[in-house]
Amino acid sequence: MQLIQETPDLSAYLAADEAIDHHHPLVRETAAHLAAGAADSYDYARAAFEFVRDTIPHSQDSGDLRVTWRASDVLGQGTGICYAKAHALAALLRAEDIPTALCYQNLGVVHGLVAVRFHGAWHRQDPRGNKPGVDARFSLDGERLAFLPDAESNEMDYPVLYAAPHPVVLNALKAAPDRPYLWRTLPTAL
């Protein structure tokens, strides 16, 4: 699949916004801690990915009823669904000047992930969290995503790389008082 930048301006993929608040002290502190142990930007990107994937449980998997959407809240509360975890990873990567896009799949409902730019190309990564049947890994040599769309079920990868969270996704997160409500109102298309 050919990934398509929403905007040709790479600086848009380094910007902060209300959801990817990489100037927040908690995001900066977490990024600095992860960067201290990294040999280079690739090592940092892998460490940030593994941190979000492994230390912030997907709220559906853990049974957490809270809904987070802002990166600093995801890090502070230690929970989030795929979109929120993607916002947290994007913020951590952008905090260290790594261009990061938000991207989506349609798996019956919209699923959120990120793409990082290295070696002049975009590489999709899925920090949703592993569980039985899900084994997502950081990779610049071929995708190791949590899910593969089933074309026979009309599932698909959306090719657009967004600089900010898609409004449909962000609105669903912001409107949800808890995860059960969110689960009933998850976007089914972009």
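We number each residue from 1, following the sequence as shown.
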(message) So that I can tick it off, tell me whether Glu96 and Arg28 are bridged by a salt bridge, with the cut-off set at under 4.0 angstrom between side-chain N and carboxylate O.
(response) no

(request) Check whether any side-chain heavy atom of Ile98 sits under 4.5 Å from a side-chain heavy atom of Arg117, and report yes or no. (result) no

(request) Give a yes or no on whether Leu93 and Leu34 share a hydrophobic cluster (residues Ile, Leu, Val, Met, Phe, Trp, Tyr; joining criterion: side-chain heavy atoms under 4.5 Å apart). (result) yes

(request) Assess whether side-chain hydrogen bond (donor to acceptor under 3.5 Å, both in side chains) is satisfied between Glu155 and Asn106, documenting all intermediate values. (result) CA-CA 5 Å; Glu155 295 179 352; Asn106 188 318; over 6 Å; no

(message) Please check this pair: side chain of Tyr162 against backbone of Ala101, looking for a donor-acceptor N/O pair closer than 3.5 Å.
(response) no

(request) Keeping the roles fixed (side chain from Thr55, backbone from Val52), state whether a donor-acceptor pair exists under 3.5 Å. (result) no

(message) Between His123 and Tyr42, is the ring-ring contact (aromatic ring centres under 6.0 Å, His included) condition met? List the steps.
(response) CA-CA 12 Å; His123 306 272; Tyr42 309 110; 9.3 Å; no

(request) Report yes if some heavy atom in the side chain of Ile20 is under 4.5 Å from a heavy atom in the side chain of Arg70; otherwise report no. (result) no

(request) Mark yes or no for whether His119, through its side chain, and Ala121, through its backbone, hold a donor-acceptor pair below 3.5 Å. (result) no

(request) Evaluate whether atom CZ of Phe118 has more than 12 neighbouring non-hydrogen atoms of other residues, nucleotides or ligands under 6.0 angstrom away. (result) yes

(message) Quick test of your reading of the model: are Asp126 and Arg128 salt-bridged, counting only N-O distances below 4.0 Å?
(response) no

(request) Please answer whether the main-chain N or O of Gln77 pairs with a side-chain N or O of Arg66 as donor and acceptor at a distance below 3.5 Å. (result) yes

(request) Return yes if some donor-acceptor pair links the side-chain N/O of Lys131 with the main-chain N/O of Asp61 below 3.5 Å, else return no. (result) no

(message) Is there a path of hydrophobic side-chain contacts, each under 4.5 Å between heavy atoms of I/L/V/M/F/W/Y residues, joining Val74 to Val114?
(response) yes

(message) Can a side-chain donor-acceptor contact be found between Trp69 and Glu18 if the only test is distance below 3.5 angstrom?
(response) no

(request) Check whether more than 12 heavy atoms from other residues, nucleotides or ligands sit under 6.0 Å from atom CG of Leu148, and answer yes or no. (result) no

(message) Contact between Leu161 and Ile4 at the side-chain level, heavy atoms closer than 4.5 Å - yes or no?
(response) no

(message) Taking Ala136's backbone N and O only, do any of them form a donor-acceptor pair with Arg53's side chain (distance below 3.5 Å, no angle check)?
(response) yes

(message) Salt bridge check, Asp64 against Arg179: does any charged N sit closer than 4.0 Å to a carboxylate O?
(response) no

(message) Under a plain distance cut-off of 3.5 Å, with no hydrogens placed, do Asp141 and Ser139 share a side-chain donor-acceptor pair?
(response) no

(message) Keeping Thr7 on the side-chain end and Gln5 on the backbone end, is there a donor-acceptor pair under 3.5 Å?
(response) no

(request) Evaluate the side-chain proximity of His166 to Tyr104: yes if any heavy-atom separation is below 4.5 Å, no if none is. (result) yes

(message) Could you see if Leu113 belongs to whatever hydrophobic cluster contains Ile81? Use Ile, Leu, Val, Met, Phe, Trp, Tyr and a side-chain cutoff under 4.5 Å.
(response) no

(message) Quick check against the 3.5 Å criterion: does Arg46 have a side-chain atom that pairs as donor or acceptor with the backbone of Phe49?
(response) no

(message) Between Lys85 (side chain only) and Pro127 (backbone N and O only), is there a donor and an acceptor less than 3.5 Å apart?
(response) yes

(request) Answer yes or no: is there a donor N or O on one side and an acceptor on the other, between the side chain of His22 and the main chain of Leu14, under 3.5 Å? (result) yes

